[in-house]
Amino acid sequence: MKADYRRVAYYPGCALEGTGHAYNQSTKAVGKALGLALDEVDDWNCCGAMEVKNVDPKIQTYLSSRVMSIAANQMKAAVVMAPCNGCYHNLKKAEYDLAHDPTSREVVERLSGKAGHAPYRAGTLETIHALDWIKMGVGEEELKRRVRNSLKGLKVANYYGCMYTRPRHIFPEKDQGPGTESTSKPHFMDDLLAAAGAQNVEFPLKTACCGGAHTLSDSDTSTRLVLNILRAAEAAGADVIATECPTCHSGLEMHQVRAEKVLGEKTTVRMLYFTQLLGIALGVSPRRLGVHENVSDGLALLREKGIA
Amino acid sequence: MRPFDEIERDIGEAQTPQRLLALAEEVLECWIGARGVSPTGETVEGFRLLALHRQGARGVPSFNACRETCREVAYHYNLLTLRPDEERTHRLHMMRLLATHLALFVRGKLETDALGEFCCSARPLRLESPPSQEGARTQHG
């Protein structure tokens, strides 16, 4: 276990204040239930997401570095945790660029000077995902001991999306053998939910594209990609798709509705954030976990299974 | 290059792992061919599909978003051919879904390719700009 994961700087990112509000709520509730402390990064800003990256990648590097600068230089944190795959990816990418690209360092130093804060120096902060936070900060054994409401009988397809493991070079800590995360077949979410009693199904599309990038330019492609993921989860026997990214989660939920409306294709698998499932296993009320905020009606399923 | 509607229809109707693997290869041939390159006849780990993916991802990091889908297609092919009597209907259905996902992903990539990369390993449009423009754009004030 990593002791320094028990108190981390918390970077929720924009999505967790909007469509991913329930993810924010359930992440905090699970942290509290497990005795993990979160110190939200003061005056945090957008990580640059995909939009800024396409206009000017150095600005995206700066935006992410500002968040890391506040966490490292002002809050004196050693670890920052980002539950959103996009934020996590961008902070890791900024870390990589600042360590390997002199131009990125020059731009960040210049813009940090203009903005009036110290530049972030590569290597001073560790960026982790919410999955790392719970897996390495608490671990399966302690989690098992704390389970009050087993997820037994719930069949789960774990969906990680495409940004949690790609590109591989910005995640040097992954693929380092036993105990570390795999970029080709990630398992941290599987491990945690299994510890909470869930039955993970064999789901071959766990890192497949959900079409998030096409949502605005080509909604039909997104809908068909999501529909295919939902069908695969159902074919694998899943009751629930567990998610760990607000963009993937809302994409799966919204395109499930759209697939029925536009393509006449109905699927019944439900979507729940992994933090909502862990929270339920830990005895936190579904309302405190924001389950009622989900578009997909997970509560009815959990009640049907005798879990909530 | 056949229309994607036709390839997707064939994937939906395919009844053997050999046919599905060939259709998955055809999907990647479309991507590689559209980029003006001749699709490779080589194999990686015994699969031409994996060699085609490697070829298709060259210079396009975001194309790696379908790397595991290709590997899962190969894995299901192995399951179906090495243990032909074990869960054949289920595994064939899953292989069909995987090949369909690959086709949808590549089709989407072909449609948006001209707009630049938007995926996980985004390669921004501005990287293709001349160096002088790039420098100018990072001179903020």
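Order of the sequence lines fixes the chain letters, A, B, ..., with proteins taken first and strands second; residue numbering starts at 1 for each chain. FYI, side chains are in, hydrogens and waters are out, and symmetry mates aren't considered; it's all heavy atoms of this structure.
- For a heavy-atom cut-off of 4.5 Å, chain A lies close to B:Thr69, B:Glu72, B:His76 in residues 69-87 of chain B.
- Here B:Thr100 contributes atom OG1 and A:Arg231 contributes atom CZ; the two are 8.5 Å apart, rounded to the nearest 0.5 Å.
- Heavy-atom neighbours of A:Lys174 NZ from other residues, nucleotides or ligands within 6.0 Å: above the threshold of 12.
- Atoms CZ and SG, from B:Arg67 and A:Cys162 in turn, are 14.0 Å apart once rounded to the nearest 0.5 Å.
- Below 4.5 Å, heavy atoms of chain A meet heavy atoms from B:His90, B:His93, B:Met94, B:Leu97, B:Leu98, all part of residues 90-99 of chain B.
- Atom NZ in A:Lys206 sits 11.0 Å away from atom CD in B:Glu68 (nearest 0.5 Å).
- Only the side chain of A:Lys185 comes within less than 4.5 Å of a heavy atom in chain B; its backbone stays farther off.
- Atom SG of A:Cys209 and atom CG of B:Leu102 lie 11.0 Å apart (nearest 0.5 Å).
- Annotation: side chain of A:Leu225 is in contact with side chain of B:His101 (closest heavy-atom distance under 4.5 Å).
- Options A:Leu205, A:Asn85, A:Ile170, A:Thr165 differ in how many heavy-atom pairs under 4.5 Å they form with chain B, and the most are formed by A:Leu205.
- With sequence neighbours excluded, no residue forms a side chain to side chain donor-acceptor pair (under 3.5 Å) with A:Tyr11.
- Atom CG of B:Asn64 and atom CZ of A:Arg166 lie 7.0 Å apart (nearest 0.5 Å).
- Listed in order of number, the residues of residues 9-26 of chain B that approach chain A to under 4.5 Å between heavy atoms amount to none.
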